[in-house]
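Hydrogens, waters and symmetry mates play no part in the numbers below; they use all other heavy atoms, side chains included. These figures come from a predicted structure and were not determined experimentally.
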Amino acid sequence: MIERFLRQTHFESVEDYNQHLEFIIPENFNFAYDVMDEWAKEWPDGLALLWTNDQGEEIRTTFAELKEQTDQAASYLQTLGIGKNDPVMLILKRRYEWWVVMLALHKIGAIVIPATHMLTKHDIVYRNTRASVKAIICVDDPYVMGQVEAAMPESPTTKVLVAVAAGDGSSDLPQASESCGIQWHDWQREWRKAPAFVRPAFVNTNDDTMLMYFTSGTSGEPKMVAHDYLYAMGHLTTGVFWHNLHRGSLHLTVADTGWGKAVWGKFYGQWFAGATVFVFDHEKFNADTLLRQIEKYHVTSFCAPPTIYRFMIREDLSRYDLSSLEYCTTAGEALNPAVFDKFYEKTGIRMMEGFGQTETTMTLGTFPWMTPKPGSMGIPNAQYDIDLLRADGTPCEDGEKGEIVVKAGRKKPIGLFKEYYRDEELTREAWHDGIYHTGDMAWRDEDGYYWFEGRIDDVIKSSGYRIGPFEVESALMTHPAVVECAITGVPDDIRGMVVKATVVLGKEWKAKAGEELVKELQQHVKRVTAPYKYPRIVEFVDELPKTISGKIRRVEIRKKDERKD
């Protein structure tokens with residue numbers, strides 16, 4: 001499959017990859033037709049999707065079966081009046097139908113807007129009005145449906161509501177509340193009744209908008225990140241080279257479908273490789289349960305944010321048969337070297353870190369032909385021209401901290417977003433003079449590996465020093481008491497800001513939480529890293545605030561501290 005889209009498909013070294021990675025770009029590329037339907041022809045019996053949940057249910061779907069289902073779904077959506085360029089919001093958690101509906105919407109040229117099930121009425125109104133959402137397809141969940149219905153009076157463009165229930169469609173959705181003024185459609189009852197699908201004569205150009213994500217946002221309202229149809233092709237390198245997948249791989253990425261990590265790890269790149277996407281649909285994360293799934297289904301490739309690995313290494317991994325695991329990757333937040341080392345010690349597998357944003361595909365990564373450096377994000381992905389810039393716009397030297405940027409020039413790299421939808425000013429702020437500014441800080445070593453420092457907004461300026469949160473967090477994580485931690489800055493009249501550590505302790509250490517342990521952790525940081533970086537404030541908590549994708553939300557900690565003042 002990938003031979004159709006790459007001039008060279010196998011690489012032996014960093015130099016080989018950097019010199020010879022070249023895409024073959026079809027005129028009107030559409031992932032659903034040009035990849036998934038082609039797999040259905042070439043390998044109809046290949047296992048495309050293996051879905052299971054915490055209730056023990058299981059669905060195995062071949063490429064041929066998935067084509068049949070997505071064609072049927074595309075026809076059904078057309079009967080609801082959904083077509084080319086219509087924005088459709090999906091709030092489906094990890095339901096099996098998410099994969100079917102995503103492909104079906106690609107087939108009819110609609111704009112997909114994945115969203116989390118944690119949205120409130122305000123969030124939904126904002127998205128509906130900003131993106132002119134025409135239809136919402138959501139789980140049959142009282143909370144989700146209630147928030148959607150409450151948003152309808154303030155959502156004039158939204159005309160179609162579809163609920164996806166569990167089971168065989170025996171629910172009574174058509175008779176559900178009509179207080180929103182729009183009748184709910186019942187996916188289970190209706191979609192199989194649609195007529196045979198006829199592919200539209202024209203679906204899309206490469207420049208058309210295919211997908212939009214609302215970023216979680218650290219301040220103000222979320223940004224709308226618009227991607228074109230080549231964004232899907234941009235993830236070929238994610239699945240084939242970073243995840244190191246091939247036909248027959250069984251890949252599990254831990255991610256909710258409402259966030260960009262889902263299409264990074266559970267969709268485009270994996271199916272380019274011909275791998276089987278493994279999905280575990282569950283309500284609440286539990287490390288033991290997840291490890292049992294890897295053991296039971298013989299998962300070969302695994303990707304998760306460092307948070308997940310932190311909890312996994314707290315388990316007695318000798319109790320699980322993880323012999324099927326061949327390759328492990330991580331992204332979403334910076335990986336502490338202590339977590340890398342502990343996981344390697346317990347499994348013999350080196351985690352390969354990657355970096356990217358909602359606005360990009362993988363921009364930095366550790367590839368199979370590289371030796372990973374614990375805590376490093378790796379090297380630039382050859383499909384992007386990456387650099388580090390000082391605040392004045394000049395390039396950084398090796399060892400010098402700067403902002404990670406993408407040099408776009410006159411031709412937009414495959415995988416880089418189109419724009420912040422309907423916000424030219426915000427787009428120009430981030431992307432100007434041929435350079436996209438990520439807002440993330442890093443430094444580069446003499447071997448070309450990049451090391452994360454934090455968001456520009458997260459950097460702490462204390463007594464004239466610039467302190468990156470990640471370096472202090474990495475130091476704290478080497479203490480046996482610490483399961484997780486987040487470093488933030490707290491305003492101080494004398495120093496400008498002081499370093500604060502918000503710490504989650506291991507179970508065996510919680511009884512010791514107090515001044516003595518605070519001093520022990522402070523002294524530990526002084527020994528491991530520069531003394532001026534130690535946290536002058538330490539707070540013990542049961543859990544850290546996170547996005548649904550597992551990223552620590554330091555902004556919430558800062559806001560909480562501001563309210564205390």
Side-chain angles (χ1 to χ4, degrees), residues 1-2 4-6 8-11 14 17-18 21-25 29 31 34-36 39 48 99 102 106 114 210-211 213 225 227-247 249-257 259-279 300-306 326-333 335 351-370 372 377-384 386 404 406 413-417 438 450 549-550:
M1 179 64 68
I2 63 172
R4 300 179 183 181
F5 306 107
L6 290 181
Q8 180 174 322
T9 59
H10 298 283
F11 302 95
V14 171
Y17 182 68
N18 287 341
L21 179 70
E22 182 182 354
F23 287 90
I24 302 169
I25 305 173
F29 175 74
F31 179 81
D34 297 330
V35 176
M36 297 307 292
W39 274 124
W99 284 262
M102 283 282 291
H106 288 350
M210 174 189 73
L211 176 73
Y213 276 104
V225 180
H227 286 290
D228 59 28
Y229 278 79
L230 291 181
Y231 171 77
M233 185 179 291
H235 275 303
L236 186 156
T237 57
T238 308
V240 175
F241 301 123
W242 180 48
H243 284 157
N244 197 24
L245 298 173
H246 49 79
R247 280 176 55 151
S249 296
L250 182 61
H251 179 77
L252 166 60
T253 282
V254 179
D256 185 87
T257 59
W259 299 102
K261 193 65 169 66
V263 294
W264 274 57
K266 305 159 88 81
F267 205 76
Y268 297 123
Q270 296 65 45
W271 279 334
F272 264 114
T276 301
V277 172
F278 179 79
V279 181
T300 64
S301 175
F302 179 72
C303 185
E326 301 170 354
Y327 213 75
C328 291
T329 47
T330 186
E333 57 179 336
L335 173 67
M351 278 186 279
M352 310 297 265
E353 190 171 353
F355 168 84
Q357 297 181 314
T358 307
E359 290 86 346
T360 71
T361 57
M362 184 188 59
T363 51
L364 296 160
T366 312
F367 297 97
W369 47 83
M370 296 169 55
M377 299 179 286
I379 65 169
N381 183 357
Q383 73 192 61
Y384 293 98
I386 303 294
I404 303 171
V406 178
I414 291 175
L416 186 61
F417 75 128
T438 68
Y450 281 61
S549 60

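- Every residue two or more places apart in sequence or in another chain was checked for a side chain to side chain donor-acceptor pair (under 3.5 Å) with Thr276, and none qualifies.
- Looking at Tyr229, Phe5, Tyr268, Phe23 one by one, the single match for ring-ring contact (aromatic ring centres under 6.0 Å, His included) with Phe29 turns out to be Phe5.
- Heavy atoms only, all atoms of each residue included: Cys303 and Lys261 are closest at SG-NZ, 3.2 Å.
- A distance of 7.5 Å separates CD1 of Ile24 from CD of Glu22, quoted to the nearest 0.5 Å.
- For the pair Tyr384/Leu364, no side-chain contact is recorded, criterion being any heavy-atom separation below 4.5 Å from C-beta on.
- Inspection of the Thr253 and Gln270 side chains reveals no N or O donor paired with an N or O acceptor under 3.5 Å.
- Summarising the geometry, atom OG1 belonging to Thr329 is positioned 9.5 Å from atom CE belonging to Met362; distances are rounded to the nearest 0.5 Å.
- In terms of the side-chain contact (heavy atoms from CB on, under 4.5 Å) criterion, residue partners of Pro372 (sequence neighbours excluded) are, by chain and number, Phe340, Arg350, Met352, Thr366.
- For the side-chain contact (heavy atoms from CB on, under 4.5 Å) test, residues two or more places apart in sequence or in another chain that qualify with His246 are Ser249, Glu326.
- By the side chain to side chain donor-acceptor pair (under 3.5 Å) test, Thr238 is found to be paired with His235, residues two or more places apart in sequence or in another chain being considered.
- The CZ atom of Phe417 sits 13.5 Å away from atom CG of Leu211, with the distance rounded to the nearest 0.5 Å.
- For the pair Thr300/Tyr327, no side-chain contact is recorded, criterion being any heavy-atom separation below 4.5 Å from C-beta on.
- Smallest separation of non-hydrogen atoms from His227 and Gly415: CE1-O, 3.9 Å.
- For the residue pair Ala273 and Val240, the shortest heavy atom distance occurs at CB-CG2, 3.9 Å.
- Taken to the nearest 0.5 Å, the CG atom of Leu252 stands 10.0 Å off from the SG atom of Cys328.
- Just one of Phe272, Trp39, Tyr231 meets the ring-ring contact (aromatic ring centres under 6.0 Å, His included) condition when paired with Phe31; it is Phe272.
- Closest heavy-atom contact between Ser301 and His251: OG-ND1, 2.8 Å.
- Once rounded to the nearest 0.5 Å, the distance linking OH of Tyr450 with OG1 of Thr363 reads 9.5 Å.
- A 4.5 Å side-chain heavy-atom check between Phe278 and Phe302 finds every atom pair outside the cut-off.
- Contact detail for Gln383 and Ile414: the closest heavy-atom pair is NE2-O, 3.0 Å.
- Closest of all the heavy-atom pairs between Pro114 and Thr257 is CB-O, 3.4 Å.
- Rounding to the nearest 0.5 Å gives a distance of 10.0 Å between CG of Leu236 and OG1 of Thr9.
- Counting only heavy atoms from C-beta outward, the side chains of Val277 and Trp271 approach each other to under 4.5 Å.
- A search for salt bridge (Lys or Arg N to Asp or Glu O under 4.0 Å) contacts involving Arg247 returns nothing, not counting sequence neighbours.
- Using a 4.5 Å heavy-atom threshold, the side chains of Gln357 and Val225 count as separate.
- Every residue two or more places apart in sequence or in another chain that forms a side chain to side chain donor-acceptor pair (under 3.5 Å) with Tyr17 is listed here: Asn381.
- Between the side chain of Gln8 and the main chain of His10, a donor-acceptor pair closer than 3.5 Å is present.
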